[in-house]
Amino acid sequence: MMGLHRLLPGWGRANKTVSLCLGDGHLALAALSTDGQLHTESTPVASRAEAAALLTRWVEQQGLRRAPAVITLEPGSYSLMQMERPAVEAGELAAAVRWRVRDLIDFPLDEAITDVFELPAHAQRGRTPMINVVVARAEALRAQVALAESAGLAPWKIDVAELALRNLAERQTQGNETVASLFLMPHRGMVQITRADSLYLTRVLEYGSEAVISAAREGGGGFGGPYDRVALELQRTMDYYDSHFGAAPVKRLIIMPPGEEMAALAAGVGEGVGLPAGVLDVAGLFPGIAGQAALDAHALLALGGVLNEPTRVRPEKGTQTEAARAEVAR
């Protein structure tokens, strides 16, 4: 997604890759070395200046100067919409998508960056081809790129939360197992269904972990109580998936981020929808983890972003990714 592909000559820290997630009042970083050592940082920040100083310090402390970096966008900092794929050649897709998007956003098109990622081809047989379209404000993306560069990192890609979470689910699953993932930030959430590297469906939740955990503490948890709402959202998502994609059924549920209260949520919701459920096993996936013992939602997004493998291949001329790179670099 939104590959910057700023191929800085001679990446100085090719043995480490980085992802950062800068949200509303929060900064998180994940650094992964080629030997599997993972380091994470996550903390509230009061201003962009504080975030810049903190990121620069983390980069220096962990020896990350000129490391290839992914910028992972938080939900709410961009729009994700699904539309019919324009019947054009790949080289014309960028312009065709932008033309359609201009009537769907509430700010000028020349201030927007758009990019696409495909739905699984095998899930669209006999149906009108659809694509996922991401729209973000160019100014906000340029500010994040500038922040990473000023701290000494070499940003090469901008990713979105949906694909970062897809990376984490893929890492924990075996083969082509279809899974549902529930991701909760403090005030918003997301349900999605994936299989291997294919993302089928995403549903946004207008509430997050604070509301769910608070209700559980007051009502004692369990299905039929505060977890009922979450289970209903998940069941609706799975029903839609079954009716529209006709692919392999969901086999289990992964809850993110991990933690004791989230484990209780997994048990309650899993019971409600009849699926084996558990929290993401970060320690099992990354035995060499350092930094935070328990990852919060922001750090988890950064972790999903760092699982992207840096590439030195430039996007082809005329493609949507090439267009996005050019717009951000302006």
Side-chain angles (χ1 to χ4, degrees), residues 1-4 19-24 28 30 70-83 85 97 101 104-105 112-121 123-124 130-137 140-141 144 157-173 177-209 230 233-234 236-238 240-241 244-245 247 250 253-257 280 295-309 320-321 324:
M1 282 302 303
M2 297 184 183
L4 299 180
S19 174
L20 63 96
C21 181
L22 176 61
D24 185 14
V70 174
I71 297 171
T72 305
L73 303 180
E74 280 195 355
S77 64
Y78 57 90
S79 297
L80 176 64
M81 56 192 75
Q82 200 172 94
M83 64 176 61
R85 189 189 191 282
V97 167
V101 162
L104 303 175
I105 59 178
I113 287 181
T114 60
D115 203 356
V116 303
F117 61 94
E118 305 277 357
L119 286 166
Q124 302 193 72
M130 304 290 287
I131 54 174
N132 291 300
V133 181
V134 179
V135 185
R137 291 182 180 268
L141 297 192
Q144 295 211 29
K157 182 175 185 176
I158 298 177
D159 210 359
V160 291
E162 288 82 357
L163 298 182
L165 297 174
R166 183 274 320 267
N167 293 344
L168 292 170
E170 181 185 10
R171 185 99 174 199
Q172 182 153 323
T173 56
E177 183 181 42
T178 303
V179 300
S181 300
L182 171 64
F183 172 70
L184 293 178
M185 301 186 75
H187 304 293
R188 68 174 67 228
M190 187 183 300
V191 173
Q192 59 185 42
I193 296 178
T194 59
R195 181 165 52 138
D197 64 350
S198 295
L199 171 62
Y200 289 89
L201 184 61
T202 295
R203 180 189 292 269
V204 175
L205 305 179
E206 298 301 329
Y207 56 88
S209 57
V230 181
E233 293 280 4
L234 179 59
R236 286 174 175 169
T237 304
M238 293 193 297
Y240 184 91
Y241 164 79
H244 283 74
F245 293 101
V250 175
L253 170 64
I254 301 173
I255 304 288
M256 313 179 206
L280 184 74
L295 298 184
D296 62 22
H298 308 276
L300 207 61
L301 289 177
L303 177 56
V306 85
L307 295 178
N308 289 285
E309 294 186 5
Q320 187 73 4
T321 298

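Heavy-atom basis, side chains included; hydrogens, waters and symmetry copies ignored.
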Item to check | Set of residues satisfying side-chain hydrogen bond (donor to acceptor under 3.5 Å, both in side chains) with respect to Q172, sequence neighbours excluded | outcome: none
Checklist entry - So, do N167 and D159 sit near enough that their side-chain heavy atoms are less than 4.5 Å apart? => result yes
Checklist entry - Roughly how far, to the nearest 0.5 Å, is CD1 of I71 from CG of L22? => result 9.0 Å
Checklist outcome for this item: Here the gap from L303 atom CG to C21 atom SG, rounded to the nearest 0.5 Å, amounts to 11.5 Å
Checklist entry - Stepwise, does the side chain to side chain contact (heavy atoms under 4.5 Å, CB included) test hold for V133 with L80? => result CA-CA 6 Å; V133 181; L80 176 64; 6.0 Å; no
Next on the checklist: Which heavy atom of P257 sits nearest to which heavy atom of A297, and what is that distance?
Outcome noted: CG-N, 3.9 Å
Item to check | R203 vs T237, side chain to side chain donor-acceptor pair (under 3.5 Å): CA-CA, chis, key distance, verdict | outcome: CA-CA 7 Å; R203 180 189 292 269; T237 304; 2.7 Å; yes
Checklist entry - So do the side chains of Q192 and L165 get within less than 4.5 Å of each other, counting heavy atoms only? => result yes
Checklist entry - Do E74 and M185 pass the side chain to side chain contact (heavy atoms under 4.5 Å, CB included) test, and can you show the C-alpha distance, the side-chain angles, and the key distance before you say yes or no? => result CA-CA 10 Å; E74 280 195 355; M185 301 186 75; 3.5 Å; yes
Next on the checklist: Looking at every non-hydrogen atom in both residues, tell me the closest pair between D296 and A299 and how far apart they are.
Outcome noted: OD1-N, 2.8 Å
Item to check | Spacing of CD1 belonging to I193 relative to OG1 belonging to T178, to within rounding of 0.5 Å | outcome: 8.5 Å
Item to check | Distance, nearest 0.5 Å, that separates CE of M83 from CG of N132 | outcome: 10.0 Å
Next on the checklist: Do L205 and L184 make a side-chain contact, defined as non-hydrogen atoms from C-beta onward lying under 4.5 Å apart?
Outcome noted: yes
Next on the checklist: Just so I know, are the side chains of V135 and I113 near enough to count as touching, which here means a heavy-atom distance under 4.5 Å?
Outcome noted: no
Checklist entry - Please walk me through it: do V179 and L253 pass side chain to side chain contact (heavy atoms under 4.5 Å, CB included)? => result CA-CA 6 Å; V179 300; L253 170 64; over 6 Å; no
Checklist entry - By ring-ring contact (aromatic ring centres under 6.0 Å, His included), which residues pair with Y241, not counting sequence neighbours? => result Y200, F245
Checklist entry - How about Q144 and L73: do any of their side-chain heavy atoms sit closer than 4.5 Å? => result yes
Checklist entry - Under a 4.5 Å cut-off applied to non-hydrogen side-chain atoms, are M190 and T202 in contact? => result yes
Item to check | Side-chain donor or acceptor of R166 paired with backbone N/O of D197 under 3.5 Å | outcome: yes
Checklist entry - Should R85 and V97 count as side-chain neighbours, where that means a heavy-atom distance under 4.5 Å? => result no
Item to check | Distance in Å, M81 CE paired with T114 OG1, rounded so as to fall on 0.5 Å steps | outcome: 9.5 Å
Item to check | Chi angles and distances behind the side chain to side chain contact (heavy atoms under 4.5 Å, CB included) call for L199, F117 | outcome: CA-CA 10 Å; L199 171 62; F117 61 94; 3.7 Å; yes
Item to check | CG on L307 to CZ on R171, rounded to 0.5 Å | outcome: 5.5 Å
Next on the checklist: Please give me the minimum heavy-atom distance between P75 and L301, naming the atom from each residue.
Outcome noted: CD-CD1, 3.9 Å
Checklist entry - Mind checking what makes salt bridge (charged side-chain N to carboxylate O under 4.0 Å, His left out) contact with R188, not counting sequence neighbours? => result none
Checklist entry - Is the closest side-chain heavy-atom distance between L119 and Q82 below 4.5 Å? => result yes
